[in-house]
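Reviewing the structure listed below.
Per chain, numbering begins at 1; letters A, B, ... match sequence-line order.
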Amino acid sequence: MSLFLYQRQKTLMHGLDPRVKLLSLVLLFISATVSSAIGSGAVVCSSLFMLFFLSRSFYALKKMAGLLAMIAFMTVILWLLFYKGKTPLMDLKFIVLYEGAPEHAVRMALKFLNMLLCGILFLSITPLEEFSDGLILMGVPYRVAFAVSLSFRLVQVFVSTGFMIVEAQKIRGNDVEKGGLFSRMKAYAPLLIPLILNGIKKAETLVPALESKGFAPDNKIDIKGKYRIKPTDIKALVLVALFTAAALPGFFYEFL
Amino acid sequence: MKDVFTVWSKTRQIVLISITAAIYAGTLIPFKPIQIIPGLTELRPASAIPVLFGIMFGPAAAWGSAIGNLIADFFGMLSPASAFGFIGNFLFSYTAYLIWKTFVKGEFTMGLKQVAIYVFASVVSSFVCALTVACGVELLSLAPFKIIFLVIFINNSVMSSVIGTILMALLYKRIEKTGLIYKGE
């Protein structure tokens, strides 16, 4: 089972060039950030849902629904408690609820959700290989893209090793879910040590393995032939750019 | 500061960046957090990694922590705040490395003085990380500064001081034998 959200699908959005996906992500992040009003936030949210529908990525939303609901709930609670307005609405001695707090709380929760939805959409349509290729194509040095790509591959290995260690330690009676706070914290050390030593062992073998295959930090790879910007890519990017441009006036109207 | 960029010119350091990133991101999932207030305050054992690795592997661990945090966000939490998480985690690890390098000159003993320096490095670097991330979150108006700052600061400083000190005492000598400890340029 993959830990990440990507699933191979044959949709227009999955087939976009990685550069277009990365640029669109940045533009969508801007749209979500500047859409602070409930109305514009709702427009961004519904547009994102439409994109989820078009990319057949609702499974990712389903997977993340619990976490998204909890984040929205906590954001609302936090802003209700910490929003400082001019007129108190309710004075509960230790907490004062100000006028405008409920509206502000909903706005911020919607904004946070929109940002996360942009990220989830990107992760559902972009495989890790395309992400690192996209970084190289956008001018990030090969050595950096390589480190990122290698890290992604190693994460899967370490996560499964981690689960194995947790189970093995549980059998030996070291259950981190039992006991007081300090004893639980102490119980984590025997779990982390094998994982760290496993990583160090991997580092020792990886260096000669990479060097024997001709890897050097100064290497340059040419992947330009692998990707070609198609008319669909340009159209998609223009659409996202227009969408972002449409979100900007609301932001300036609110803050200027 | 030059060493922050020179680590990218050595294969061994690049591998250490990836290993740090993978271990940091990889410990976030199987090692469940200790919930204090569900959904709001939790202690993540993985928070011990950036300081521990920063002291052992130097700038490579700082880059690794930053990338590791970004990778962890790839499990569904990717947002503009990830950029501040990237910078915050870089500083979390790099500040610890700078403090350790400044105050510890002799051999590694993990005696009382070195434990105190380790805890000091953990607390100061956690403060820097919390400040960076909380400023970013405040800038994006996602959550109140005070809450985010306190949650990150308490979580990072407690976990890196308690678990980190134990791990450092148990692991440093073993890792030193492999020749991977960063001794500077």
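For Leu197(A), the part sitting under 4.5 Å from any heavy atom of chain B is the side chain, from C-beta outward, and nothing else. Leu142(B) touches chain A through backbone and side chain together, each having a heavy atom under 4.5 Å away. In this structure, chain B has a heavy atom under 4.5 Å from the side chain of Leu123(A), while its backbone stays farther away. Using a 4.5 Å cut-off between heavy atoms, Ile71(B) touches chain A through backbone and side chain atoms alike. Only the side chain of Phe122(A) comes within less than 4.5 Å of a heavy atom in chain B; its backbone stays farther off. For a residue to count as touching a neighbouring chain, one of its non-hydrogen atoms must lie under 4.5 Å from one of that chain's; by this rule Tyr24(B) does not touch chain A. Of the two parts of Ile166(B), only the side chain, counted from C-beta on, holds a non-hydrogen atom closer than 4.5 Å to a non-hydrogen atom of chain A. Of the atoms belonging to Phe57(B), it is side-chain heavy atoms, and not backbone ones, that fall under 4.5 Å from chain A. At a 4.5 Å heavy-atom cutoff, the contact between Phe131(A) and chain B is made by side-chain atoms alone. Within the 4.5 angstrom heavy-atom criterion, no atom of Ile30(A) approaches chain B. Using a 4.5 Å cut-off between heavy atoms, Leu81(A) makes no contact with chain B at all. When heavy atoms are compared at a cutoff of 4.5 Å, Val144(A) approaches chain B by way of both its backbone and its side chain. With a 4.5 angstrom heavy-atom cutoff, Ile23(B) touches chain A via backbone and side-chain atoms both.
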Steps toward side-chain contact (heavy atoms from CB on, under 4.5 Å) verdict (Ile19(B), Leu206(A)): CA-CA 10 Å; Ile19(B) 294 282; Leu206(A) 255 173; 4.3 Å; yes

Evaluation steps, side-chain contact (heavy atoms from CB on, under 4.5 Å), between Val155(A) and Phe74(B): CA-CA 11 Å; Val155(A) 165; Phe74(B) 266 67; over 6 Å; no

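Distance check, rounded to the nearest 0.5 Å: CD of Glu204(A) to CZ of Arg12(B) gives 8.0 Å. Put simply, CE on Met77(B) and CG on Leu67(A) are 5.5 Å apart, with the number rounded to the nearest 0.5 Å. Put simply, CG on Leu25(A) and CG on Leu78(B) are 6.0 Å apart, with the number rounded to the nearest 0.5 Å.
Counting only distance, with no hydrogens or angles, the side chain of Ser79(B) and the backbone of Met115(A) share no donor-acceptor pair below 3.5 Å. The closest donor-acceptor contact from the side chain of Lys111(A) to the backbone of Leu140(B) lies under 3.5 Å.
The shortest heavy-atom contact between Ser151(A) and Ala22(B) is O-CB, 3.8 Å.
Residue Leu192(A) is tested with Leu171(B), Leu170(B), Ile163(B), Leu52(B) for a side chain to side chain contact (heavy atoms under 4.5 Å, CB included); the sole match is Ile163(B).
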